[in-house]
Structures are given as structure tokens and as C-alpha cells.
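Here's the structure we're looking at; comments come further down.
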Amino acid sequence: MAVEKMKMMNIVAHQDHLDQILRRIVLMENVHLIDAVTEIDDSNFTLNMLEENLEEIINMCMIKPYRTDKSFKRIQEELEELMVLMDIPRQVKRTYFEEDYSYGDVEEEIDTIFTHFKDINHRKERLEKELEILKNFQVVGGLKGLDVDMKALYKMKHFTMKLGTMKKENRNKFTMNYENVSAAAMHIGAFKDEEAYLIISPTALETETVRILKSVYFTEIKILPSYLGPVPDMIEKIEMRIQEIERDLSDLKTQIKESEEKFAQSIACCYSRTVMEQAVAELKEKTAFTNNFFYLSGWVGEGDKEIIKEALEDVGYNIIIGFKEIGETSKTHIPPTKLKNNRVLKPFELLVEMYGTPSYTEVDPTVFLGLTYMLLFGAMFGDLGQGLVLYLAGLFMTRRRSDNLYGAILSRLGISSMVFGLLYDSVFGYEHIISHFVAQVTGIEEAAEYFFLRPIENINTVLMSSIVIGLVLLFISFGYSVFNKMKVGDIQEGLFGRNGLAGLTLYASLLAMILGRFVIETNLFAGVFKGLILVSIASIVFREPLANFMKGHRPLHHASVGEYYVESGFDILETLLSMLSNSISFIRVGAFALNHVGLFIAFHTMASIIGSLAGDISMFIIGNIIVIFLEGLIVFIQGLRLVYYELFSKYYTGEGIPFVPASVNINSQP
């Protein structure tokens, strides 16, 4: 439960092994790659001066970055079209990387399958388009009672023929303005929920006719000259062609179905390997090259060192893998931060990273944050029934997606709420139910009462307890701060800073002075505490010159003396105010615990006013929904605020570099 210790890894191998090594790095998901060219330029990339490494060392003088103009756009588009057609899920599976492969073969396979499907799809789309036109042209069926040759009408020299439809409401508008229509309009019946018309207009007046038809939203149907003739012959010819197209489409769909069964797995495999190749291409940009060799640099966790070595050394010949301690690298190198926590507290890494990634030299605050946040949330939202609802909701979210950290956090907060609900004797807002059950089981009603702390009956106790909890947490935060600062040798802030040892002494002495007002024994040491307060204030004011004096640095002040002490004076005032506000801020924990009960008193009162079973049930449901969603959200935010602003501000900077391993989204298959 800490920041994992890092090592710098350097790899040199022949270019023949580059793709395979990078694929294995991606699959292991435990290497944070950095720019190898920069490492070599800064002389941080070192090899043992052994005879077998001679060629690799000599080649380092001809180093160059990776350059390529390779694009995956065409392959991506082809894969996307094929996967949509076959309804193949976009999953990257580990099984497709178990054997070596050439990505050139993958591209060739994608092109072959795509060409096959493109031909079938082209024929299918062409037939579907023709079928749609023919089905629209079936509107001529409304003319079957007429003995007319449509071909003759269509070929008239001075007249134009149109077929089309309009909605019923527009038909009325059209018929009411017949005298203004510069064409002969024949209603030929209903067609697809609209009214069909045959329009014949003089060619000279076609523009006017088109304008009028547009005003009634006339939808023109394409006339197919090859099908024109006597109406009965047209209908028969159209129906025969429709049947023929439907048979051809059925055959094509069968071909597509068979092709899908044949190529689905190949497409899924090609998709996985294409995603991998894209990841590899990105990593190559951090790789250094010579004519024959490539060079890789990256950070790895100390625990992964042997795993990585075993996984990469058996790829092929002449693979050199070296590891360096952080002390052996340049001081400008800041290792990335890789957090290492157990399953219970790991989801709270999300809340830590929302504030900022811990520095490599900082203590991982995840454990403290996780335990503190669960404590504060449970204390503010203590209810056995509602906590169970939160737990089940979080469980449901993680069941749907195992990597849903919000669901994991919610389930843990639900457990905390349930624990405090037992303490508060509260189930879905009803008190005395748990205590009554305990009394029945134990048979001792008085003894059962000692196990419970009902907030509304113990207001002072609840409020004072919340302040005491806050003071304990603040002291732990001071301890974290001192440890973090001294760990990196920052004695200015670690010993004399407002959040260092001097600040801790000042805070403890002020609390002791306040306590002395109520406890006589403590008041006897008032002189000692006053002296500690003065020394602490002086240490904070003179922290920079004191630290520089101890280190032997000159000058003692980084700026003008006057500016420094004016700034320090205001800093002391801010320190005293923040200590006061930090301490009092935790009273909200007790306030929300009381508010939680108060809301249900209001709902119980409304239920009694209604005075019916239906009223009781409705208020019970509405009350719990409002409390769970609205108050639950507020408590979630307030708990986070206490952790971030009252505690993190004391000891946590969050200025680290996150450990980002080379990876793809793998859905492992056995």
C-alpha cells in the first residue's frame, strides 16, 4: 500500500525483433516508455562495456528517431464497414497474439475479405435501389381500369406526363384550386397512405405546373420508360421484375450469411491485430534507431523486473536488457508514480488522482483517504437500509462493468453507511427498530440501549465527536506532511513550515491552551504551552533563514528582508485562521448526521398529517428516494471537500507523473 519503487529499463536489440518485443510490452501492461533518443542524447542510456555489446555501442553514434508515413485510415474504414455488416463486437482478445504474425499479411487478408464483401454489397445495394423504384412505380396500378397506352402518353411532343403522390390534407388544397392549375390532374387512388395523381401538362407551361405542385408538396415518382406500355402489361412486367429481384436478394443474403460465418473470426482477429499495430506504431515514435538496431527506454516497477526480463529475452538473439536504480539516473529524471494498494482501497485511487497524482517521493495517501472518506460518509449518512441500497447499486454497477471504480467506491460507502446505521439505530429513517430487535434477542432491553447513539437524542455528543474526529485527522495530516517533507530533505517546510513540525507544535499548543480553560490539570502547564506557541510562530516566521543557516546556504533570504517578513507576517495570520476553520469545519459531520434524522422527522410528520396507510407508504417511498439521491449526493461532495481541502491541503501536493503503461484494452480469453 504505497508508491511502487521504480527502475529505469534500457533495451537494445536487432530491428528484426522490434515488433515482437513491442507487442509483448503492450500485452504485459507494466512498462512506462519514454523517449529513447532523448535518453541517449542526455547520456542516460548506458550499456555494459562488454565485447558482445561492442557493435551496439558503436552504432549509438548514428542514432536517429523513428519516422514513418504509415496510415491506418483505409484499413480502419474497411474494418469498420465489415464489423458493422457482420455485427462483430470491437474487442481486443489476447488469444490473437499468441502466435507470431506479420501485419502485412493482416492488411492483405482485410483487403481480400473487404473486396469480396464489397462486390456482394454493391450488387445488393443496386438491387435494393431498383426494387424501391419499382415498388414506387407500382402506383400505375391505379390506372388498371383504363385502356390507355402509357408509352404513347409519355412520348407526346407538346405535353409532359408526371406521376406522384401528396398527403390527404394537401389534396383538398389542390382540388379547391383546380381552376388555377395549368394541367390535367387525374386522381388514381390511394398509395402508401397518400393520394396518387397522374399529371399531364403542356410543355410550355411546365414551369408553372411544377411551382403549383411544389406548393402542395407533390412527391414525384420516377417513370421507368422501359416498362411503359398498356397498363395491364406494365403491371405484369413490374411484378415479374420485383419477384426476380427479391429472389436475387434472397440469394445474396444467403451468400452474405455464409461469408459472415466464414470470415467473422478472421475479421475479429484482424481487428485485434490492427489495434495492436496502432499501439506499436505509437510506441515506435519513442524508439531510437540505427541501421541495424533499435533502443528502448522505460520505467518499470521493481516487482515486474524479472517478469519483463523473462518475457523479452526469449524473443530472439542479441537482446540486451539493462536496469538502473533511480540514483544512477540523471537528477532531471522524475520517475512516474505507480500506486500499489489492496483490493479494498484500490478504487479510492480514483479520488486521489482526481486531485492529482502523488509525487514519486510522497507517501501514497490512498489508504488514509479511503479509510477517512468511508468514516466521514458513514458518519454523515448512517442508515442501515439506505446504506444497503447504496451497496447494491455499487455492486450492480461493478457487475455490469468490472472496471467501474465509481461503483466500487459506492459499494464501500454503502457498507460504511450500514455500519453507522447500526450505531445510529436507523433503518430507512425509522429508529428503535434495531434496538428493539436486539432487546428481543438478548432479553435485556436496558443493555441494548448502550449499543446505540441516536443523533437526535445526543446532539451535543454527536457534534463534539465530529470535532474530535476532525482533530485526530488533522494531526495525522500534520504527521504525513512532516514525513513527506523530511523524506525529500525539505527541512524548511518539514521542520519550520506551517504544515511541518512547527505548525504541528503550534496547533497542539493552541488546543492545549483551549483545553486548559476546562481542565485544571492542563492549565498548570499554560506557561509551557505559551512558550511553545511563541517558539512555533518564530520558527514559521524565520523558516527560510533558519533552513538556509542549517544547510550553510547564503544569502539567508531569497528576496529583500522587508518583503520576506511582511509576507511571513501575513502567513502567520493565514495559518491561525486556517487552523481555526479546519477544526470547526468538521462540525458539519455531526450537522449532516442530525440533518439526516431531521429530514425523516419532516416526512413522518407529513405522513401523520395525511393520516392514512397510503400516506405512510407514499411518504416512506418519497422520503427515502429524496434522501438517498439528494442528501446522498450532498454528503458525497461534502465528504470529498473535507478530505481535499481540510486534509490534503496539509500534506499532499499531487504533482507527480502518472504511470501510464503501454497497453491496449485487452479482453482476455482462456
Side-chain angles (χ1 to χ4, degrees), residues 344 347-348 370-398 406-442 445 447-466 468-470 586-605 607 616-617 619-640 642-643:
V344 175
F348 291 100
L371 295 175
T372 301
Y373 193 41
M374 286 191 287
L375 171 69
L376 295 175
F377 185 91
M380 290 188 282
F381 196 77
D383 188 282
L384 181 61
Q386 293 163 3
L388 179 61
V389 172
L390 294 180
Y391 171 74
L392 294 175
L395 206 61
F396 173 74
M397 291 167 68
T398 52
Y406 289 105
I409 292 171
L410 188 61
S411 63
R412 286 152 178 77
L413 296 180
I415 292 173
S416 176
S417 181
M418 291 166 66
V419 171
F420 276 90
L422 287 171
L423 175 64
Y424 293 165
D425 190 13
S426 177
V427 182
F428 287 115
Y430 288 92
E431 295 185 340
H432 300 281
I433 293 177
I434 301 173
S435 58
H436 180 68
F437 174 76
V438 172
Q440 283 188 326
V441 172
T442 61
E445 186 172 349
E449 292 294 322
Y450 292 116
F451 293 106
F452 305 101
L453 179 70
R454 300 184 189 94
I456 205 68
E457 297 173 11
N458 300 274
I459 295 176
N460 290 335
T461 303
V462 169
L463 294 177
M464 289 303 298
S465 297
S466 64
V468 170
I469 290 172
F586 281 91
I587 202 170
R588 75 186 65 212
V589 177
F592 273 103
L594 295 170
N595 177 67
H596 189 74
V597 180
L599 277 174
F600 275 104
I601 292 175
F603 284 111
H604 292 326
T605 303
D616 286 342
I617 294 173
M619 286 298 103
F620 171 79
I621 295 172
I622 294 171
N624 275 283
I625 290 174
I626 290 175
V627 167
I628 290 172
F629 284 96
L630 182 59
E631 189 186 356
L633 177 62
I634 294 171
V635 168
F636 184 92
I637 295 170
Q638 289 299 323
L640 208 56
L642 287 171
V643 170

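Scope of the values below: all heavy atoms of this structure, side chains included, with no hydrogens, waters or symmetry mates.
Results of the side chain to side chain contact (heavy atoms under 4.5 Å, CB included) test with Leu390 over Leu410, Ile415, Leu395 single out Leu410 as the only residue that passes.
Counting heavy atoms from C-beta outward, Leu388 and Leu384 have side chains that stay 4.5 Å or more apart. Contact annotation: the side chain of Leu463 approaches that of Leu594 to within less than 4.5 Å [non-hydrogen atoms, C-beta and beyond]. Side-chain contact check for Ile456 versus Glu431: some heavy-atom pair is nearer than 4.5 Å. For the pair Val643 and Leu376, the minimum side-chain heavy-atom distance is below 4.5 Å. Using a 4.5 Å heavy-atom threshold, the side chains of Tyr391 and Arg412 count as separate. Using a 4.5 Å heavy-atom threshold, the side chains of Tyr424 and Arg454 count as separate. A heavy-atom distance below 4.5 Å is found between the side chains of Ile637 and Leu633.
Among residues two or more places apart in sequence or in another chain, the side-chain hydrogen bond (donor to acceptor under 3.5 Å, both in side chains) test is passed with Gln638 by Arg588. Contacts of Ser417 classified as side-chain hydrogen bond (donor to acceptor under 3.5 Å, both in side chains), with partners at least two apart in sequence or in another chain: none. Legend: residues meeting side-chain hydrogen bond (donor to acceptor under 3.5 Å, both in side chains) with Asn624, ordered by chain and number and at least two apart, are Gln386. For Ile433, the side-chain contact (heavy atoms from CB on, under 4.5 Å) partners at least two apart in sequence or on another chain are Tyr430. In this structure Phe377 satisfies the ring pair (Phe, Tyr, Trp, His ring centres under 6.0 Å) test together with Phe381, sequence neighbours excluded.
Every pair passing side chain to side chain donor-acceptor pair (under 3.5 Å) that includes a residue from residues 372-384 is listed here, sequence neighbours excluded: Asp383-Ser426.
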